[in-house]
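Note sheet for the following structure.
Starting from 1, each residue takes its place in the sequence as its number. Both ligands and their constituent atoms are indexed starting at 1 by order of listing.
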Amino acid sequence: MRLLVTALLFLLPLLPPSARGVDAPPAQPAAQKVIIVGGDRDYPPYEFIDKDGKPAGYNVDLTRAIADVMGMKVEFRFGGWSEMRAALMNGEIDVLQGISFSEERSRTIAFSPPHTIVHHAVFARKDTPPVKSIEELRGKQVIVFRDGIMHDTLRDLGFSGNLHFTATPADALRRLSSGADDYAVVAILPGMYLIRELHLTNLVPVATNIAAQKYCYGVKKGNDELLTRFSEGLAILRQTGQYQAIYDRWLGTLEPPRLPWAKALRYGAFVLVPLLLILVATVVWSRTLQKKVAQRTRELAREAAERKRALEELRRHQDKLIQADKMTSLGILVSGVAHEINNPNGLILLNMPILKEVYRDAEEVLESHYRESGNFMLGGLPYARMRNEVPHLLDEMHEGAKRIKRIVEELKDFARKDDSPGDALFDLNSVAQAAVRLADSTIRKATVRFSAEYAADLPMVRGNSQRIEQVLVNLLLNACQALPNTECKITLATFRVGNARIAALSVTDEGVGIAPEHIPRLTDPFFTTKRETGGTGLGLSVSSGIVNEHGGTLKFSSTPGEGTTVVLTLPAAEETP
Ligand code: ADP
C-alpha cells in the first residue's frame with residue numbers, strides 16, 4: 001500500500017491538471033461500463049491481430065493487466081491506424097492503448113505518462129547506400145506509415161514531395177523490400193519484428209535512433225478520468241513488477257539488451273572488487289616486500305661491514321701475535337747467541353792488551369836479532385815485513401773484539417725481557433741534555449750547526465730515564481750518520497703538545513732522508529741501510545720497544561734528499577711537582 005501511495009505521488013506531477021482531481025468528475029462505478037480500447041491491427045510487437053484473429057502484443061497485455069488491477073472491463077477493437085485515430089475522436093472507442101505523444105496531438109488527445117519509448121529507425125535494402133540521420137533523407141524517396149508519429153515528424157521537418165505513405169508499417173517495409181523507393185522510416189522494434197516475421201531478408205536498419213517518441217495511452221481530450229485510471233494502473237504495474245515482465249516478454253527479446261546500471265555495477269563489482277582487492281593486496285605485499293628487502297639489505301651490509309672490521313682486527317691481532325712470537329723466539333735466540341759470543345769475546349778483550357804488551361816486549365829481542373843476524377822468517381813471513389804488520393793485526397783484532405762486544409750489548413738490549421719501564425719521575429729536558437753530552441763528540445764530527453731548544457713548561461715524565469737517554473742518543477747518532485757534510489744542521493727541541501699532558505722531543509736533521517717504503521720498516525729488528533758501515537739495524541727496534549714501554553710514540557717523517565724529523569712523545573706523569 002505504501003508503495004502504491006509513493007508511486008501515485010511520484011506520478012502525480014506527470015498527469016494532466018484535470019487528472020489530478022481538480023476538474024475531474026467524481027469517480028464513477030466504471031467497473032460495470034466496458035471500456036473500448038482501440039489498437040492498430042498491424043503494429044507488432046506492440047499491438048496486432050495474431051494468427052488466431054485475436055488482439056495480441058505488448059499494449060494488449062499491458063491493458064489487460066491494468067484492467068485487472070483497476071477492476072475495469074475492457075474490450076479491444078483493432079483496425080487500421082488512421083481508422084482507429086478517427087474512432088477515438090468520434091467516440092467509437094474510449095482509449096488508444098499505444099499512441100506516440102506530440103504537441104500537436106496533445107491539442108485533441110490527452111496522454112498518460114509514457115509506458116515505453118518508441119525508437120524510430122531508417123530501414124534500407126542491403127544494396128542501398130546507408131544514411132546516418134534524418135537529414136540525409138532529403139531528396140530521397142522515403143516510405144512512411146500514414147498518420148504515424150514519423151509522418152507528423154517528417155512533415156514538420158519539411159519532407160513532403162518525396163514521402164510515400166502506407167497504411168501500416170508492414171506495408172511500408174514490404175514496399176521497400178520489393179524495390180520501390182529508397183528508404184522506409186519505421187519504429188525499430190516493429191521494423192525488426194516484421195522483417196523477421198515477413199522474411200524481408202533484404203532489409204536492414206541503417207540509422208537507428210533517429211527519433212525517440214513517448215508511447216502512451218491516449219484518450220479524447222476531456223475524458224481525463226478514464227486516462228487517470230490507466231495512468232494509475234500503469235503505476236501499480238510498475239511497482240508490482242508486472243510491467244517489467246510484460247515489457248520483457250514482448251520487447252526485451254527484440255531490443256538490444258540493455259544492462260541496467262545497477263546490474264552492471266553489480267556484475268562489475270563481482271569482477272572488479274576482487275580484482276581491486278587482489279591489486280591492492282599485491283601492491284601492499286610488494287611494498288612490504290620491498291621494505292623488508294631494503295631493511296635486510298641494510299642489515300646484511302652492516303653485518304658484512306662488521307664482519308670485515310672484525311676480520312681486519314683479527315688479522316691485525318694475528319700479525320701482532322706472529323710478530324710477538326717471532327720476537328720472543330728471536331729474543332731467546334739472540335740472548336743465547338749473545339751469551340755464547342760474549343764469553344769468548346770477553347777472553348779476547350781481556351787477553352788482547354796482554355798480547356800487545358807481550359809483543360812490545362818481544363819486539364826489542366826480535367829487533368836486536370834482526371840487526372845482528374839479518375832477516376829471518378816469522379810465522380812463515382819475513383820479519384822485515386811482519387815487524388810492521390803485527391801491531392796492526394793486533395790493533396785490528398782488538399777493535400774487532402770491541403765491535404763484537406758492542407753488537408752483543410745491543411743484542412742483549414734487544415732481547416732484554418725486563419718490560420717494566422721503571423717508576424722514577426724525570427725531566428725530559430735533563431735527559432735530553434745528558435744525551436747531547438754523551439753524543440757530543442760524534443755530533444761535533446758530524447756537523448758544525450747543531451742547536452738545541454729546551455721548552456720551559458715541559459711536564460715531568462715517569463719511567464726509566466737511562467733507557468730514554470739511550471733512545472735519544474740513538475736518534476742523535478742516526479741523525480749524525482745521515483748528514484752528507486758538516487754544514488747540514490741537526491736540531492733538537494723539546495716541547496709540550498698543545499694542552500695535552502704530553503712531553504715531546506724532536507730531532508731534525510738535514511741528512512739524506514729515508515725512502516718512503518722504508519719508513520714502516522725502520523723499527524723492524526735488523527733493518528738497516530748501513531750494513532756496509534757497521535749498522536746492526538737494532539737501534540730503532542730497541543728504541544721503539546723502550547718508548548712503547550713508557551706509553552709513548554716514535555714517529556718519523558722524512559723527505560729523501562732533504563732530511564728527517566723524528567718526534568718522540570711521552571705521557572706526562574700524573575702528579576707533576
Ligand atoms: P742502524 O743505525 O744500525 O742502521 P737503526 O735501527 O738505528 O739501525 O736504524 C735503522 C735504519 O733507519 C737506518 O739504517 C737508516 O736507514 C734509517 N734511519 C734512521 N734514522 C735515520 C735518519 N735520521 N736519517 C736517515 N735514515 C735514518
Side-chain angles (χ1 to χ4, degrees), residues 323 326-327 330-331 334 337-338 341 399-400 402-416 431-432 435-436 438-453 466-494 504-550 552-569:
Q323 187 68 6
K326 268 200 229 163
M327 288 300 107
L330 200 66
V334 162
V337 172
I341 293 172
E399 277 309 308
K402 279 190 197 158
R403 191 167 158 209
I404 290 171
K405 186 180 178 228
R406 187 168 50 78
I407 291 171
V408 165
E409 266 163 15
E410 280 186 4
L411 282 172
K412 274 159 80 183
D413 259 345
F414 166 73
R416 198 198 302 269
V431 178
V436 170
L438 268 177
D440 183 54
S441 68
T442 316
I443 293 171
R444 269 200 258 183
K445 270 185 225 156
T447 177
V448 290
R449 297 172 66 197
F450 175 79
S451 62
E453 243 177 68
Q466 276 166 359
R467 303 205 71 191
I468 294 297
E469 186 184 288
Q470 185 185 344
V471 172
L472 300 187
V473 170
N474 220 328
L475 298 183
L476 286 168
L477 293 185
N478 276 342
C480 293
Q481 286 159 6
L483 296 189
N485 59 59
T486 53
E487 286 305 312
C488 297
K489 270 198 279 187
I490 294 178
T491 316
L492 180 147
T494 57
L505 176 145
S506 67
V507 177
T508 303
D509 64 64
E510 292 179 345
V512 290
I514 306 167
E517 67 274 17
H518 287 165
I519 299 247
R521 301 176 56 199
L522 295 180
T523 55
D524 287 355
F526 307 112
F527 172 79
T528 178
T529 55
K530 300 182 271 187
R531 195 149 328 265
E532 310 301 312
T533 53
T536 58
L538 286 170
L540 289 181
S541 165
V542 171
S543 301
S544 98
I546 294 170
V547 172
N548 283 344
E549 283 162 19
H550 284 76
T553 60
L554 200 57
K555 295 230 166 89
F556 299 83
S557 54
S558 180
T559 312
E562 286 186 15
T564 304
T565 297
V566 191
V567 177
L568 160 76
T569 66

Full working for side-chain contact (heavy atoms from CB on, under 4.5 Å) between Glu487 and Val448: CA-CA 6 Å; Glu487 286 305 312; Val448 290; 3.8 Å; yes
Nearest-neighbour protein heavy atom for [atom], which is reported as residue plus atom name and distance:
| atom | answer |
| --- | --- |
| atom 24 (N) of ligand 1 | Ala482 CB, 3.2 Å |
| atom 15 (C) of ligand 1 | Thr529 OG1, 3.4 Å |
| atom 20 (N) of ligand 1 | Asn478 CB, 3.3 Å |
| atom 23 (N) of ligand 1 | Asp509 OD2, 2.9 Å |
| atom 13 (C) of ligand 1 | Lys530 CE, 3.6 Å |

Counting each atom of ligand 1 from 1 as listed, which ones have a heavy atom of [X] under 4.0 Å away?
| X | result |
| --- | --- |
| Leu540 | 5 (P), 6 (O), 7 (O), 9 (O), 12 (O), 19 (C) |
| Phe527 | 10 (C), 11 (C) |
| Leu522 | 12 (O), 17 (C) |
| Gly513 | 25 (C) |
| Ile514 | 25 (C), 26 (N), 27 (C) |
| Thr528 | 1 (P), 4 (O), 14 (O) |

Does the side chain of [Y] come within less than 4.5 Å of [X]'s, by heavy atoms?
| X | Y | value |
| --- | --- | --- |
| Ile546 | Gln470 | yes |
| Phe450 | Val436 | yes |
| Ile490 | Cys480 | yes |
| Pro516 | Ser558 | no |

Side chain to side chain contact (heavy atoms under 4.5 Å, CB included), paired with Asp509, selected from Thr447, Thr564, Leu476: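 By the side chain to side chain contact (heavy atoms under 4.5 Å, CB included) criterion, Asp509 pairs with just one of Thr447, Thr564, Leu476: Thr564.
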Test item, Gly537 contacting ligand 1 (heavy atom, 4.0 angstrom):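 Yes, Gly537 has a heavy atom closer than 4.0 Å to ligand 1.
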N or O contact, Gly535 vs ligand 1, cut-off under 3.5 Å: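 Between Gly535 and ligand 1, no N or O pair is found under 3.5 Å apart.
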Contact (N/O only, under 3.5 Å) between Phe556 and ligand 1: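 Phe556 vs ligand 1: no N/O contact under 3.5 Å.
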Under 3.5 Å: donor-acceptor pair, side chain of Glu469, backbone of Val431: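 It does not hold such a pair.
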Can I get a per-line list of side-chain donor-acceptor pairs under 3.5 Å for residues 532-540, giving both atom names and the distance, sequence neighbours left out?
| residue | atom | partner | partner atom | Å |
| --- | --- | --- | --- | --- |
| Thr533 | OG1 | Lys530 | O | 3.1 |
| Thr536 | OG1 | Glu410 | OE1 | 2.7 |
| Thr536 | OG1 | Leu538 | N | 3.3 |

Side chains of Thr508 and Thr491, donor plus acceptor under 3.5 Å: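 No, because no side-chain N or O of Thr508 sits under 3.5 Å from a partner of the opposite role on Thr491.
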Test salt bridge (charged side-chain N to carboxylate O under 4.0 Å, His left out) applied to Lys402 - qualifying residues, sequence neighbours left out: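 Glu399.
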Ligand 1 versus Leu477: contacting region, heavy-atom distance under 4.0 Å: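 Contact part for Leu477 vs ligand 1: neither.
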